[in-house]
There are 4 protein chains.
Amino acid sequence: MVRIKTEVREQVMGQTRQALLNAAAEEFSSQGYDQANINAISIKAGFAKGTVYNYFPSKQALLKALIDSIAQEHLEYLRSAILSEDDPALRLERFFQDGFEYVARHTQRARVMFNTVNSSNQAQKGYCFRAYQPMFQLVAGQILLPGMQQGLFRLTEPEQTAILIMTIYLGTASQVDEQGRPWLNPENVADFVLHALRTVKETRSLGERR
Amino acid sequence: MVRIKTEVREQVMGQTRQALLNAAAEEFSSQGYDQANINAISIKAGFAKGTVYNYFPSKQALLKALIDSIAQEHLEYLRSAILSEDDPALRLERFFQDGFEYVARHTQRARVMFNTVNSSNQAQKGYCFRAYQPMFQLVAGQILLPGMQQGLFRLTEPEQTAILIMTIYLGTASQVDEQGRPWLNPENVADFVLHALRTVKETRSLGERR
Amino acid sequence: MVRIKTEVREQVMGQTRQALLNAAAEEFSSQGYDQANINAISIKAGFAKGTVYNYFPSKQALLKALIDSIAQEHLEYLRSAILSEDDPALRLERFFQDGFEYVARHTQRARVMFNTVNSSNQAQKGYCFRAYQPMFQLVAGQILLPGMQQGLFRLTEPEQTAILIMTIYLGTASQVDEQGRPWLNPENVADFVLHALRTVKETRSLGERR
Amino acid sequence: MVRIKTEVREQVMGQTRQALLNAAAEEFSSQGYDQANINAISIKAGFAKGTVYNYFPSKQALLKALIDSIAQEHLEYLRSAILSEDDPALRLERFFQDGFEYVARHTQRARVMFNTVNSSNQAQKGYCFRAYQPMFQLVAGQILLPGMQQGLFRLTEPEQTAILIMTIYLGTASQVDEQGRPWLNPENVADFVLHALRTVKETRSLGERR
DNA sequence: TATGAATGAGAGTTCATTCAT
DNA sequence: AATGAATGAACTCTCATTCAT
C-alpha cells in the first residue's frame with residue numbers, strides 16, 4: 001500500500017518536475033535567463049508560482065537543472081548517432097547532420113543551451129561548459145583520434161580541434177532566421193570541416209590509386 | 001561668437017558622450033545588458049544618472065549606439081588590415097590575426113558585441129547583425145571572391161562561406177579563459193580555415209607532381 | 001473494545017500534541033513568532049507539515065496553546081515553591097530563586113513567554129498577560145499581603161507592587177548573555193526587592209535590641 | 001550658487017529622511033519589526049516605496065538608524081534631566097519621572113525601543129543594547145556612584161544595580177494599558193527603588209532623631 | 001491519523017526613467 | 001548641460017494554509 005502510494009507520488013512528482021522543466025525551456029529560450037519570469041514558467045506548466053519552489057530552490061537552480069537535462073539528452077542523441085558509424089569521416093558528417101537535427105527537434109532546449117554557453121554570466125557559462133565536457137571528449141576521442149590514427153585526418157591537437165569543431169557546431173547550429181531555419185545546412189558545414197581536416201596525402205593517394 | 005560657443009559645446013558634448021559610451025562598454029561587458037546598471041555607468045563615466053538620459057533616450061538606445069560605435073571601429077580595423085595584403089590567403093590570415101588582436105586590444109567592446117550577437121533578445125541580435133553586415137561583405141568580397149577567382153579557394157557560395165567564417169571568427173575569438181586569454185590561437189584557426197578552403201590541386205603543390 | 005481503542009488513540013494524540021508543542025517551543029524561542037516556520041516545527045516534532053493543522057487550527061492557535069501550557073507549568077512550579085515556605089520574606093526569596101531556576105531549566109519555554117509578553121502584537125501580549133494573571137495574584141495574595149499583615153513589608157497597594165515585582169522578575173530573568181546565563185543573579189534581585197519592601201520598623205529593630 | 005543649491009538640497013533630504021524615520025517609528029511601533037511594511041512606511045511619510053531605499057539600504061538599516069536616533073534623543077533627554085539635580089536621590093526620582101515623561105511624549109519611538117530591546121532577534125537586541133550603553137553608564141556614574149560615595153545608597157555593584165534599575169525602568173515604562181497609560185506611575189517606582197537603595201543608617205537615624 | 005504537493009497573497013528590493021532645479 | 005530625488009512597476013522568493021490521498 002505504502003509502496004504503491006509512494007510510487008504514484010513519485011511518478012506525479014516526476015511529471016510535475018518535467019512539466020516545469022519544459023515550461024522553463026520555453027520561457028528561458030524565448031526570453032533569456034534574466035528576462036525569464038518564474039511566474040510565467042509556472043503558469044505555462046499549469047501550476048502556481050509557489051510550486052516551482054517546491055521543486056527547485058531558485059531560478060538559478062532551475063536553469064542548472066534544465067542545463068543538466070539538456071546536456072544529457074543532447075549528448076546521448078549525438079553519441080548514439082556517431083557510434084552508429086565506423087568511419088571517422090562519416091562520424092563527423094553524422095555529428096553535424098544529427099547535431100542540426102537535434103537543434104531542429106528540440107529548438108527551445110537547444111536555444112537555452114546556446115544562450116547559456118554564451119551568457120555574460122561567467123558562473124552560468126562555466127556550468128554549461130562543464131555539463132558539455134563529455135561532448136568535447138566525444139568529438140576528440142571518437143572522431144578525431146580515430147581519424148588521425150587511420151591517417152584520414154591531419155595530425156592536430158585533438159583537444160584544440162575538438163574545441164574548434166564544437167565552436168563551429170554551436171555557432172552554426174545556433175544561427176537561425178526569424179522562422180527558426182538555420183542559415184547554413186549541416187552538409188555544407190560538415191563538408192567544410194572535412195576539407196579542413198583531411199590529409200593531403202590521403203586525398204592525393206586516393207586519386208592516384210585509381 | 002555664437003559659432004565658437006557652439007563648437008565648444010559640441011566638443012564637450014562629444015567628450016561626454018564618448019565617456020558614457022566607454023563606461024557603458026565596461027558595464028555591459030562585465031554584467032551583460034540585463035544586469036547592467038545605468039547608475040553604475042554614469043558613475044564610471046564621472047557623471048550623474050540623469051546625464052545618461054541627456055545623451056541617450058533609453059538603455060536600449062545606449063546599447064545600440066555602443067554597438068554602432070563598436071561595429072564601425074571593428075570594421076575599420078579589419079578592413080585596413082585585410083586590404084594591406086593582396087593575396088587572398090594572406091588576407092584570410094590577417095583577418096584572423098588582426099581579428100584576434102582587435103579582441104585583445106578592445107576586450108570590453110568586443111565582449112559587448114559577442115554578448116549582443118548571441119543575445120536571446122531577437123531585436124538586439126538583429127540590430128547587431130545588421131551593424132555587422134559590412135564585415136560579412138568584406139569577407140565575401142575581399143577575401144573569398146578574389147580567392148576563388150584566382151583559383152586558390154574551392155568554389156563555394158561566397159555568402160554562405162562568409163557566414164561560416166564569421167561564425168568561426170566570432171566563436172573562436174569570444175571563447176576566453178578566466179584570465180581573458182583565448183582558448184585557440186589565430187594561426188591555428190586561420191590554418192584550419194585555409195585547409196578547408198584551398199583547392200586540392202593547389203594544396204597538392206601542383207609543382208611537385210611534375 | 002471501542003473504549004480501549006479510543007483510549008489508545010487519545011494517548012497517541014496526546015503524545016503527538018506534546019511533541020508538537022515542544023517543537024513549537026524550540027522554534028518560537030529561537031526565531032520569534034513571526035520568523036517561526038510551521039514546517040520547521042513539524043519536522044522537529046518528527047511529523048509532516050499537515051499534522052500540525054490536525055492539532056492546531058493555525059499558527060496563532062499553536063502559540064496560544066503553547067502559552068497556556070507554559071503559564072500553567074510556570075505557575076505550578078512557583079506556587080509549590082512559594083507555598084513551601086511560611087515566611088513572606090522567604091517566599092519572596094523563593095519566588096526569585098525558583099523563578100530563575102525555572103527559566104534555567106525551561107529556557108525555551110521561558111523565552112517564548114518573554115517574547116510573547118513583550119510582543120508588539122497586542123492580541124498576543126494580552127493573551128499572555130491573561131494567562132499569567134494567576135501568578136500576579138499569587139505574588140499579591142501569598143507574598144505581599146501576608147508580609148504586610150505581619151508588618152514585615154511596608155504598606156503599599158498589593159496589586160501595584162505585584163505588577164512591579166512581576167516586572168522585575170520578567171525583566172531580570174529574561175536578560176541573558178550570549179551563552180544564556182542571566183546577567184543578574186536571583187539572590188541580588190531578591191535582596192534588592194526585600195530592601196525595597198521591608199518596613200523601617202523591622203530595620204529599626206536592630207537598633208532597639210541595644 | 002552651487003553652495004546654496006547644495007544647502008537647500010541637503011535640507012530637503014534631511015526633511016525626507018526625518019519624515020521616513022517618523023513614519024518608520026509609527027509603523028514599527030504598531031506592527032513590530034517583522035510585520036512592519038516598507039510600503040506602509042513610505043506612504044505614511046508621503047513618498048513612494050522606492051524612496052525609502054534612497055535613504056536606507058534595507059529594512060534592517062532603517063531600524064538601526066531609527067534606534068540610533070531614538071537612543072540619542074532618549075539619552076539626551078534623561079541626561080539633562082538628571083544633571084539638573086545635584087542630590088543622587090533626586091536624580092533617581094528625575095530619572096523615573098522624566099523617563100516616564102519621555103515615553104509619554106514619544107510613545108511610538110519608545111515602543112520601538114522596547115520592542116527592539118526585547119526582540120527575539122539577537123542581532124537587533126544587541127544593537128539596541130549597544131546604542132543604550134551610555135544610559136547604563138549615566139545611571140551608574142551619575143546616580144549610583146555619587147549616592148554611594150555620599151553614604152546615601154547602600155554599597156552595591158554599580159554596574160549590576162544599574163542593570164537592575166534600567167530593567168525596572170524599561171519594564172515599568174513599557175507596560176501600558178490599551179489607551180497607552182502606564183500601569184504604574186513613576187513616583188511609586190522611584191519610591192520603590194529608593195527604598196531598595198537607601199542605607200539603613202540613614203533610615204534609622206531619621207527615626208532615632210525623634 | 002498523517003501526509004506533502006499545491007496554492008497564492010504578500011513582502012523586500014531593484015532600477016530604468018522622469019523632471020524640477 | 002548636469003543633477004539626483006522621486007517614482008512605481010516588476011520580480012524573486014517565502015510560507016501559512018488547504019485538501020486529496
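So you know, we letter chains A, B, ... as the sequences are listed, proteins then strands, and number each from 1. Side-chain atoms are counted along with the backbone in the values below, which use heavy atoms only and exclude waters and symmetry mates.
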Notebook entry, point to check: Quick one: is B:Thr16 getting a side-chain N or O under 4.0 Å of the F:dA2 phosphate, OP1 or OP2?
Noted result: yes
Next item on the list: Check whether any side-chain nitrogen or oxygen of D:Thr51 sits under 4.0 Å from OP1 or OP2 of F:dT7, and answer yes or no.
Entry: yes
Next item on the list: Take the protein atom CZ of D:Phe56 and the nucleotide atom P of E:dG12, then report the distance between them rounded to whole Å.
Entry: 15 Å
Next item on the list: Starting at atom CG of D:Leu63, determine the distance to atom C1' of E:dA11, rounded to an integer number of angstrom.
Entry: 17 Å
Next item on the list: Ignoring backbone atoms, test whether B:Tyr55 places a side-chain nitrogen or oxygen under 4.0 Å from the OP1 or OP2 oxygen of F:dA2.
Entry: yes
Notebook entry, point to check: With a non-hydrogen cut-off below 4.0 angstrom, is A:Tyr53 in contact with a base, only sugar-phosphate, or nothing?
Noted result: base
Next item on the list: Would you mind reading off the distance between A:Lys49 atom NZ and F:dC15 atom C1', rounded to a whole angstrom?
Entry: 12 Å
Margin query: As a check on the pairing definition, encode DNA chain E in dot-bracket form, counting Watson-Crick and G-U wobble pairs whose two distances are under 3.5 Å, and using | for partners outside this strand.
Written below: .||||||||||||||||||||
Check: Taking CD1 from B:Ile41 and P from E:dT17, how many angstroms apart are they, rounded to a whole number?
Finding: 11 Å
Next item on the list: Between D:Ala48 and B:Ala48, just flag the one whose closest nucleotide in DNA chain F comes earlier from the 5' side.
Entry: B:Ala48
Margin query: Counting the atoms with a prime plus P, OP1 and OP2 as sugar-phosphate, which does D:Ala36 contact under 4.0 Å by heavy atoms, base, sugar-phosphate, or nothing?
Written below: sugar-phosphate
Item checked: Smallest separation among heavy atoms of D:Leu63 and D:Tyr33, with atom names -> CD2-CD1, 3.8 Å
Checklist line | For D:Gln124 against D:Ser119, the heavy-atom pair lying closest together | finding: OE1-OG, 3.5 Å
Check: Quick one: on DNA chain E, does B:Asn54 or D:Tyr33 contact a more 5' nucleotide (nearest heavy atom)?
Finding: D:Tyr33
Item checked: Between E:dT7 (C1') and C:Asn39 (CG): distance, integer Å -> 15 Å
Check: Atom CZ of B:Phe47 and atom P of E:dT17: how far apart are they, to the nearest Å?
Finding: 20 Å
Note to self: Measure CZ/D:Arg17 against P/F:dA6 and give the value in whole Å, please.
What the structure shows: 13 Å
Item checked: For A:Thr116 against A:Val112, the heavy-atom pair lying closest together -> OG1-O, 2.6 Å
Item checked: Residue closer to the 5' end of DNA chain F, C:Asp34 versus A:Asn37 (nearest nucleotide) -> A:Asn37
Notebook entry, point to check: When the nearest nucleotide of DNA chain E is assigned to C:Val52 and to D:Pro57 on a heavy-atom basis, which residue is associated with the more 5' position?
Noted result: C:Val52
Next item on the list: Determine the minimum heavy-atom distance between D:Ala48 and D:Ser42, stating which atoms define it.
Entry: O-CB, 3.4 Å
Note to self: For B:Arg17 versus B:Ala65, what's the shortest heavy-atom pair and its separation?
What the structure shows: NH2-CB, 4.1 Å
Item checked: Under-4.0 Å side-chain N/O to phosphate OP1/OP2 contact, D:Lys59 with E:dG12 -> yes
Notebook entry, point to check: For residues A:Asp34 and B:Gln35, is any side-chain donor paired with an opposing acceptor at under 3.5 Å?
Noted result: yes
Item checked: Gap between atoms CD1 and C1', on A:Ile38 and E:dT7 respectively (whole Å) -> 16 Å
Check: Are side-chain N/O atoms of D:Ser69 and D:Arg109 paired as donor and acceptor at under 3.5 Å?
Finding: yes
Next item on the list: Measure across B:Leu66 and B:Leu21 and return the closest heavy-atom pair with its distance rounded to 0.1 Å.
Entry: CD1-O, 3.6 Å
